[in-house]
Amino acid sequence: MAAGADAAQAAASSERGIGVTAWYPWILLLHLSCAIVFVGAAAFEVLVLEGLHHRFDAPTMTAIEQVVMARVRRFMPFVVALLFASGGLLFDLHCGGIACVGTRFGWFLLLKVTLAFAVLGVFVNAVWAGARGRMSVCRFRHTHRVVLALMIGIVFLAKTMFYL
């Protein structure tokens with residue numbers, strides 16, 4: 001009886017794997033779309049918003065940043081949640097749990113995940129600081145620069161881990 005149950009469980013797992021694999025292109029597309037939005041928002045804040053500080057006075061820049069951040073706060077938590085959920089599914093599909101960690105690909109993937117959780121930590125800290133009114137202009141700039149640097153590392157790893 002136990003052998004039959006094990007075979008049924010293995011068959012169910014196999015069917016689940018086939019079903020998830022069929023969804024792989026959509027999961028990947030969702031993950032990449034969320035990553036583009038997240039990296040694009042950080043790049044915009046660092047490359048565009050910071051450049052505006054030289055063109056506008058401090059009160060005007062504060063107003064611009066507050067409006068931009070209010071808009072970003074509406075959708076970015078949803079984007080980050082989808083990014084991490086899809087990333088977790090992709091990790092499981094590529095790595096089979098943690099089976100690939102001993103390989104070169106696995107180490108690159110683990111480093112990528114570590115950087116992603118560092119970004120999440122900085123992101124959560126920034127949300128927490130903003131909600132408590134502790135997001136100064138200096139902290140705002142520093143946070144976005146750190147996030148952008150970490151995300152550039154993630155993109156580099158994402159593109160090279162399949163080839164190195």
Side-chain angles (χ1 to χ4, degrees), residues 6 9-50 65 68-132 134-164:
D6 288 343
Q9 186 177 10
S13 294
S14 176
E15 288 175 17
R16 181 184 164 270
I18 291 170
V20 172
T21 304
W23 284 94
Y24 177 83
W26 297 106
I27 297 167
L28 181 62
L29 182 62
L30 175 65
H31 187 71
L32 291 174
S33 298
C34 291
I36 288 167
V37 169
F38 196 56
V39 173
F44 173 79
E45 290 162 1
V46 171
L47 301 174
V48 175
L49 277 184
E50 284 188 22
E65 287 173 343
V68 169
M69 293 314 296
R71 178 71 180 141
V72 168
R73 275 194 294 269
R74 286 188 191 136
F75 67 87
M76 198 56 73
F78 180 70
V79 169
V80 171
L82 284 175
L83 181 62
F84 273 83
S86 60
L89 284 171
L90 291 171
F91 183 92
D92 188 50
L93 287 172
H94 280 290
C95 206
I98 58 168
C100 72
V101 171
T103 66
R104 179 176 295 205
F105 172 83
W107 287 113
F108 276 103
L109 185 58
L110 194 58
L111 180 57
K112 181 181 168 220
V113 168
T114 301
L115 291 179
F117 277 105
V119 169
L120 182 63
V122 172
F123 178 77
V124 168
N125 187 293
V127 169
W128 179 82
R132 287 171 176 62
R134 297 182 180 164
M135 182 59 80
S136 66
V137 172
C138 182
R139 187 173 187 175
F140 180 85
R141 286 184 194 160
H142 182 68
T143 297
H144 291 100
R145 288 175 182 173
V146 168
V147 166
L148 183 59
L150 288 169
M151 287 192 293
I152 289 170
I154 291 168
V155 169
F156 176 80
L157 287 169
K159 294 313 296 172
T160 58
M161 67 187 196
F162 291 99
Y163 304 106
L164 295 179

Per the side-chain hydrogen bond (donor to acceptor under 3.5 Å, both in side chains) rule, what does the pair list look like for residues 98-108, sequence neighbours excluded?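 Applying side-chain hydrogen bond (donor to acceptor under 3.5 Å, both in side chains) to every pair that reaches into residues 98-108, excluding sequence neighbours, yields nothing.
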Could you give all pairs that pass the side-chain hydrogen bond (donor to acceptor under 3.5 Å, both in side chains) test and reach residues 32-47, with sequence neighbours left out? E45-H144
Measure the [atom1]-[atom2] distance between [X] and [Y] for me, rounded to the nearest 0.5 Å.
| X | Y | atom1 | atom2 | result |
| --- | --- | --- | --- | --- |
| L109 | T114 | CG | OG1 | 9.5 Å |
| L157 | I154 | CG | CD1 | 8.0 Å |
| N125 | T143 | CG | OG1 | 7.0 Å |

Under the rule for side chain to side chain contact (heavy atoms under 4.5 Å, CB included), what residues qualify as partners of [X], not counting sequence neighbours?
| X | result |
| --- | --- |
| R134 | W128, A129, R132, R139 |
| A35 | L83 |
| A43 | L47, L148 |
| V124 | L120 |

Partners passing ring-ring contact (aromatic ring centres under 6.0 Å, His included) against H31 (at least two apart in sequence or in another chain): none
Just to verify, what does F123 make a ring-ring contact (aromatic ring centres under 6.0 Å, His included) with, not counting sequence neighbours?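 Scan of F123 (ring-ring contact (aromatic ring centres under 6.0 Å, His included), adjacent residues dropped) gives F38.
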Between V37 and F75, is there a side-chain heavy-atom distance shorter than 4.5 Å? yes
Flag the pair L150 / V146 as yes when at least one side-chain heavy-atom distance between them is below 4.5 Å, and no otherwise. yes
Scan for salt bridge (Lys or Arg N to Asp or Glu O under 4.0 Å) pairs involving residues 150-164, sequence neighbours excluded, and state none if there are none. none
Disulfide (SG to SG under 2.5 Å) filter on C34, not counting sequence neighbours, yields none
Per the ring pair (Phe, Tyr, Trp, His ring centres under 6.0 Å) rule, what does the pair list look like for residues 79-106, sequence neighbours excluded?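 Pairs touching residues 79-106 that pass the test: Y24-H94, F84-F117, H94-F105, H94-F162, F105-F162.
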Tell me every residue that passes salt bridge (charged side-chain N to carboxylate O under 4.0 Å, His left out) with R145, counting only those two or more places apart in sequence or in another chain.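 Partners of R145 by the salt bridge (charged side-chain N to carboxylate O under 4.0 Å, His left out) criterion, ordered by chain and then number, come out as E50.
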Specify the closest pair of heavy atoms between I27 and S86, including all atoms of both residues, with the distance to one decimal.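 Scanning both residues completely, I find the closest heavy atoms to be CG2-O, 3.8 Å.
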Other residues, nucleotides, ligands: >12 heavy atoms within 6.0 Å of L28 CG: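 More than 12 heavy atoms, drawn from other residues, nucleotides or ligands, come within 6.0 Å of this atom.
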